[in-house]
Amino acid sequence: MNGTSMNANTVRGAALKLGQMLSIQDSDTVPQPLLDIFERVRHSADFMPKSQVNKQMTESFGPEWRSLLKEFDEKPFAAASIGQYAQRLLFLQVHRARLLDGREVAVKIQYPGVAEGIDSDIDNLVSIMSIGGLFPKGMYLENFVKVARHELKAECDYEREARAGRQFRELLKDSKDFYVPEMIDSLSSSRVLTAELISGRPVDQCIDEDQRVRDWISAKFIQLCLKELTSYRLISQIFEWRFMQTDPNWANFFFGRHPISGDNRLILLDFGATSYRLNDDYGTSCRSYGKPFVDLYMRILKAAYDKNDDEILKHSRSIGFLTGYESAVMEKAHCASTMILVTHPFPGETLASQEPFDFAKQNVTKRIHALIPVMLEHRLTSPPEEVYSLHRKLSGSYLLATKLKATVACGPIFRSIYDRYTFGNFDTAVEIDIDRVD
């Protein structure tokens with residue numbers, strides 16, 4: 001396996017994306033050989049030399065690019081403190097700078113050649129993993145890689161990320177709980193992204209905060225994914241916006257303060273991994289979740305809430321989780337996994353609970369692990385493409401609450417969503433499409 005790990009270092013961007021999609025924050029559900037590969041890749045990166053930084057900036061803004069800034073720190077942020085924009089040393093680095101008007105900004109610069117090498121990198125990595133026998137048949141590697149390929153290409157397009165950041169900033173402009181930094185368009189391009197620099201602490205590093213603070217962080221993370229808080233005029237990423245930042249990397253979220261009011265905020269960073277659909281009427285686009293998909297997903301959640309296996313199976317066939325020809329063993333395992341996975345971060349027994357659930361005492365990881373062999377052996381089709389990103393984000397919410405040992409009342413959150421949700425209206429539903437450039 002050492003040879004495989006060493007080879008993976010030559011395809012670091014692809015390795016990172018596959019690792020991210022495997023939710024490697026939860027080590028109990030990922031094979032140890034894969035963890036070894038991704039961990040070695042994480043620690044193997046080098047910073048760009050100054051000449052490459054200058055080349056990237058010159059190609060984007062011309063040879064006099066320094067005249068656009070009052071200050072530019074040649075040394076990128078240290079890896080331990082790079083949290084902002086979920087800095088992945090594998091294919092980007094971030095520099096501190098100051099605009100001519102005095103504002104501090106973060107300048108994210110992509111490594112040369114990363115975007116151009118995505119297809120070959122992923123193909124090489126898949127070959128390495130196939131030879132090593134790391135992907136069982138039931139994981140449907142081809143579809144998994146198809147989604148990873150599209151996600152990685154989208155994440156390398158910083159103009160797209162800037163559009164997503166502006167969209168989120170608009171959606172959350174009146175929020176009393178969340179803050180999105182301003183994108184600096186004049187210093188952004190397809191390979192360089194500049195945004196307002198916001199200080200704070202990555203949420204996973206808040207384990208020593210007061211219990212009240214940890215509960216607040218976890219609840220807001222969950223609410224951001226799922227719930228409209230009428231009193232705060234927030235809208236759910238899934239069920240109202242149908243538009244989601246899908247990377248659960250905890251460094252993408254800071255516990256900090258609003259730069260003007262000084263009030264506590266959950267700060268959202270890095271919008272490269274923003275929800276999309278691979279196949280629809282618009283072709284190969286990266287957009288919001290479709291209304292028909294979200295309707296069916298809501299019905300599956302409600303069936304899990306009601307513990308109704310027949311309804312879970314019915315709507316799972318409609319959405320594409322099942323073909324209708326599965327064995328009884330598979331159907332039983334699917335219903336059980338739905339209670340655990342589809343309702344993340346609401347395990348079945350807590351979804352209907354009106355009392356705060358202590359995530360420190362959860363045993364979901366062990367229950368998932370017990371179902372994996374059955375699912376891999378008896379599954380007849382790959383999950384819907386939307387599910388890869390959606391479940392990754394929802395699982396990240398659950399895992400964060402577990403890491404922070406938070407207590408959150410999940411039942412009221414779901415019930416309030418369902419009671420206000422409107423099914424249908426496909427023709428009038430508003431689509432957020434950051435890939436349609438006017």
Side-chain angles (χ1 to χ4, degrees), residues 26 28-29 218-219 222-223 225-228 236 238-239 289 292-381 383-384 386-387 390-399 401-402 406-424:
D26 188 1
D28 288 337
T29 61
S218 300
I222 292 171
Q223 289 165 359
C225 291
L226 297 179
K227 184 182 185 294
E228 176 182 9
S236 157
I238 298 175
F239 298 110
Y289 296 109
F293 170 84
V294 176
D295 275 11
L296 286 170
Y297 194 84
M298 173 61 90
R299 295 188 189 282
I300 293 172
L301 283 175
K302 184 59 166 58
Y305 181 94
D306 294 335
K307 296 181 171 61
N308 187 326
D309 285 1
D310 289 340
E311 287 294 297
I312 289 175
L313 292 173
K314 173 185 173 181
H315 298 303
S316 293
R317 295 180 188 116
S318 296
I319 205 172
F321 277 117
L322 303 173
T323 66
Y325 297 97
E326 282 77 12
S327 65
V329 171
M330 178 60 195
E331 290 185 345
K332 181 178 179 180
H334 176 74
C335 289
S337 67
T338 298
M339 294 293 183
I340 302 170
L341 291 174
V342 175
T343 57
H344 259 26
F346 310 112
E349 65 270 17
T350 65
L351 179 62
S353 174
Q354 302 302 306
E355 300 300 322
F357 176 69
D358 186 353
F359 280 84
K361 298 178 181 179
Q362 65 85 15
N363 64 349
V364 169
T365 297
K366 292 181 180 179
R367 293 160 60 195
I368 294 174
H369 196 71
L371 290 170
I372 288 176
V374 176
M375 303 285 282
L376 292 179
E377 181 178 353
H378 296 278
R379 178 183 288 167
L380 298 181
T381 187
E386 296 93 335
V387 165
L390 176 56
H391 282 185
R392 185 170 69 245
K393 180 62 176 286
L394 297 179
S395 296
S397 302
Y398 175 85
L399 292 170
T402 301
T407 56
V408 181
C410 298
I413 294 178
F414 175 76
R415 191 73 232 187
S416 66
I417 296 170
Y418 186 81
D419 289 344
R420 288 197 298 270
Y421 188 75
T422 301
F423 292 93

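FYI, side chains are in, hydrogens and waters are out, and symmetry mates aren't considered; it's all heavy atoms of this structure.
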Using side-chain heavy atoms (C-beta onward) and a distance below 4.5 Å, is I312 in contact with M339? yes
Show the nearest heavy-atom pair for residues [X] and [Y], with the distance to one decimal.
X    : Y    : result
D295 : F423 : O-CE2, 3.5 Å
A304 : T338 : CB-CG2, 4.3 Å
A409 : P412 : O-CD, 3.6 Å
A401 : S218 : CA-OG, 3.5 Å
G320 : T381 : O-CG2, 3.8 Å

Residues two or more places apart in sequence or in another chain: which of them pass salt bridge (Lys or Arg N to Asp or Glu O under 4.0 Å) with D419? R415
Quick one: list whatever passes side-chain contact (heavy atoms from CB on, under 4.5 Å) with I319, sequence neighbours left out. F293, L296, Y297, I300, F321, P384
Are any side-chain N or O atoms of E331 and backbone N or O atoms of V329, one a donor and one an acceptor, separated by less than 3.5 Å? no
Out of curiosity, [X] [atom1] to [Y] [atom2], how far, rounded to the nearest 0.5 Å?
X    : Y    : atom1 : atom2 : answer
R299 : Y418 : CZ    : OH    : 6.5 Å
E311 : K302 : CD    : NZ    : 9.5 Å
I372 : S337 : CD1   : OG    : 10.5 Å

Taking side-chain hydrogen bond (donor to acceptor under 3.5 Å, both in side chains) as the definition, give me every residue that meets it alongside S316, ordered by chain and number, with sequence neighbours left out. H334
